[in-house]
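Everything on this sheet refers to the single structure shown next.
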Amino acid sequence: MSQATARILQSGMRLPPLPTIRELVKLYKLQARKQLSQNFLMDERLTDKIVKSAGRIDATDIVLEVGPGPGGITRSILRRQPERLMLVEKDQRFSETLQLLKECASPLNIQVDMYYEDILRFNVEQHIPDTTQRLHLIGNLPFAISTRLLINWYADLAARRGAFRRNDTCMTLTFQKEVAERICAPVGGEQRCRLSVMSQIWTEPVLKFIIPGKAFVPKPQVDVGVVKVIPLKRPKTHLPFPLVERVVRHIFSMRQKYCRRGYSTLFPLEGREEVTQKLFQRAEVQDTLRSFELSVEQCLRLAEVYAEHANAHPEVASYDYRAPKNAEIL
């Protein structure tokens, strides 16, 4: 590659002349697979805007891109010139287009590593053994796994493991618009749900902008929201993640009813009402609020009194109100 091309790259203007993503998709006959929830984003102005939403990317940083596909967002990341770019892609059909981008990055000494793996099983610590460099997580997420992946990452964040051994690993991700709004929903908001509370315990999520569905190929039936998720320097709780997730899930299991209804299903039927009333009093939470009217702090106080009660009554921790009752012995 010529020195002139390298200078163009270093200017931050454009990658070396290449076919557009639309042309590459056509050239290699790449079609989005519905079973993998794939939708290609072709507009470089939008991919640049997504990467800009991630904030400052320094020359010593690492960027991990989830699901690069044919490489639209990948190009925009390369323009920011991180030290290392990790591409985690499940679909090996994109290997040729991603290899082209890797070769384009070589004059700038950007290390581009491609992993054809499932992001849900990807071992970040194996591939980034130390924490000397800041890490950014960026991706146009497949709709089918977006919420599950985010919850998994919150669990890692709470435990300070995986991609979150440092407290400055930000996530800039795409979601269905409705999911994006749920993540950021305020107390009392129409979209307030379990995901809102779980997101706001450990992070500060910010809805950056909306991308119309028509910008994608194939066009999804919904618009897409870009959310930047910023880890809190001081998490709002140090309770174990599984316990908090369990309590919040029960609170929101009956969203339109009084919050005590869902919370009460954490406890065995015998004595349930008395225990529920006592714990709401200890948590100083009004039990006739709807779940979407509860603040993060109120949910956490309910989790704290639940944890104390479960420590005193170990059988409560394993109780599942949906489990079938024991058959009566004749």
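- With hydrogens and angles ignored, the 3.5 Å screen pairs a side-chain donor or acceptor of Thr169 with a backbone N or O of Ala163.
- Nearest heavy-atom pair, Pro107 versus Cys104, reported as atom, atom and distance to 0.1 Å: CD-O, 3.1 Å.
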Practice task
Take Arg272 and Tyr321 through the test side chain to side chain contact (heavy atoms under 4.5 Å, CB included) and record every step on the way to the result.
Solution key: CA-CA 11 Å; Arg272 173 181 290 175; Tyr321 79 101; 4.1 Å; yes
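- Evaluation of the salt bridge (Lys or Arg N to Asp or Glu O under 4.0 Å) rule for Asp168 yields Arg166 as partners, not counting sequence neighbours.
- Under a 3.5 Å cut-off, the side chain of Asn311 and the backbone N or O of Ala307 do form a donor-acceptor pair.
- Not one N or O on the side chain of Arg182 forms a donor-acceptor pair closer than 3.5 Å with the backbone of Leu195.
- Every residue two or more places apart in sequence or in another chain that forms a ring pair (Phe, Tyr, Trp, His ring centres under 6.0 Å) with His309 is listed here: Phe267, His313.
- The aromatic ring centroids of Phe252 and Phe292 lie 6.0 Å or more from each other.
- Salt bridge annotation for Asp48-Arg45: absent, with no cationic side-chain nitrogen under 4.0 angstrom from a carboxylate oxygen.
- For the pair Glu103 (side chain) and Leu100 (backbone), a donor-acceptor distance under 3.5 Å is absent.
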Exercise for the section: Take Glu65 and Thr74 through the side chain to side chain donor-acceptor pair (under 3.5 Å) test and state the conclusion after the steps. Expected result: CA-CA 7 Å; Glu65 184 186 356; Thr74 310; 2.7 Å; yes
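- Contact check on Glu273 versus Lys278 returns no salt bridge, with no Lys/Arg side-chain nitrogen under 4.0 Å from an Asp/Glu carboxylate oxygen.
- The residue from Leu207, Asn140, Leu150 that alone fulfils the side chain to side chain contact (heavy atoms under 4.5 Å, CB included) condition with Phe175 is Leu150.
- For Arg56, the side chain to side chain contact (heavy atoms under 4.5 Å, CB included) criterion is met by Asp58, Arg134, not counting sequence neighbours.
- Remark: the Gln133 side chain and the Glu83 side chain contain an N/O donor-acceptor pair separated by less than 3.5 Å.
- Within the structure, salt bridge (Lys or Arg N to Asp or Glu O under 4.0 Å) pairs that include any residue of residues 238-247 comprise Arg194-Glu245, Glu245-Arg249 (at least two apart or interchain).
- Between the side chain of Gln298 and the backbone N or O of Ser295, at least one donor-acceptor pair lies under 3.5 Å.
- In terms of heavy-atom proximity, Leu101 sits nearest to Gly71 at CD1-O, 3.6 Å.
- Taking the ring centre of Tyr116 as origin, the terminal cationic atom of Lys90 falls outside the region bounded by 6.0 Å and 45° from the ring axis.
- Listed by first and then second residue, the salt bridge (Lys or Arg N to Asp or Glu O under 4.0 Å) pairs that reach into residues 305-323 are Arg282-Glu308, Asp320-Arg322, sequence neighbours excluded.
- Checking side-chain atoms of Arg290 against main-chain N and O of Tyr258 turns up no donor-acceptor pair under 3.5 Å.
- Shown here for Ile201 and Leu232, the closest heavy-atom pair between the two residues is O-CD1, 3.4 Å.
- Residues passing the salt bridge (Lys or Arg N to Asp or Glu O under 4.0 Å) test with Arg234, sequence neighbours excluded: none.
- A donor-acceptor contact shorter than 3.5 Å links the side chain of Gln200 to the backbone of Ile183.
- By the salt bridge (Lys or Arg N to Asp or Glu O under 4.0 Å) test, Glu297 pairs with Lys236, sequence neighbours left out.
- Checking side-chain atoms of Gln176 against main-chain N and O of Glu178 turns up no donor-acceptor pair under 3.5 Å.
- Checking Thr47 against Ser76 by side-chain atom types alone, a donor-acceptor pair falls below 3.5 Å.
- Scanning both residues, Arg192 and Leu294, for their nearest heavy atoms gives NH2-O, 3.3 Å.
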Show the atom names and distances, to 0.1 Å, of all donor-acceptor pairs under 3.5 Å that link a side chain in residues 220-228 to residues at least two apart or in another chain.
| unit_1 | atom_1 | unit_2 | atom_2 | d |
| --- | --- | --- | --- | --- |
| Asp223 | OD1 | Gly213 | N | 2.8 |
| Lys228 | NZ | Ala54 | O | 3.2 |

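- Although no hydrogens or angles enter the test, the distance criterion places a donor-acceptor pair under 3.5 Å between the side chain of Tyr263 and the main chain of Leu302.
- Take Phe122 and apply the ring pair (Phe, Tyr, Trp, His ring centres under 6.0 Å) test, not counting sequence neighbours, and it matches Tyr115, His127.
- Taking CH2 of Trp202 as the start and CG of Asn167 as the end, the distance is 16.0 Å to the nearest 0.5 Å.
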Exercise for the section: May I have the step-by-step check of side chain to side chain contact (heavy atoms under 4.5 Å, CB included) for Glu44 and Leu46, ending in yes or no? Expected result: CA-CA 5 Å; Glu44 289 190 24; Leu46 289 173; over 6 Å; no
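- Considering every non-hydrogen atom in both Gly262 and Met254, the closest pair reads N-SD, 4.1 Å.
- Pairs passing the salt bridge (Lys or Arg N to Asp or Glu O under 4.0 Å) check and including a residue from residues 137-160, sequence neighbours excluded, read Asp156-Arg161.
- For Asn109 and Gln111, the side-chain atoms include no donor-acceptor pair closer than 3.5 Å.
- Applying the salt bridge (Lys or Arg N to Asp or Glu O under 4.0 Å) test to Arg261 and every residue at least two apart in sequence or in another chain returns nothing.
- Leu64 and Ile230 are not part of a single hydrophobic cluster, where members link through side-chain heavy atoms under 4.5 Å apart.
- In terms of modelled atom types and a separation under 3.5 Å, the side chain of Arg260 and the main chain of Thr276 share no donor-acceptor contact.
- The side chain to side chain contact (heavy atoms under 4.5 Å, CB included) check on Arg165 picks up Val124, Glu125, Ile128, Thr131, with sequence neighbours excluded.
- Lys208 NZ to Cys184 SG: the interatomic distance, rounded to the nearest 0.5 Å, is 10.5 Å.
- The minimum heavy-atom distance linking Gly69 with Leu98 is given by the pair O-CD2, 3.5 Å.
- Side-chain N/O atoms of Tyr154 and Ser199 include a donor and acceptor closer than 3.5 Å.
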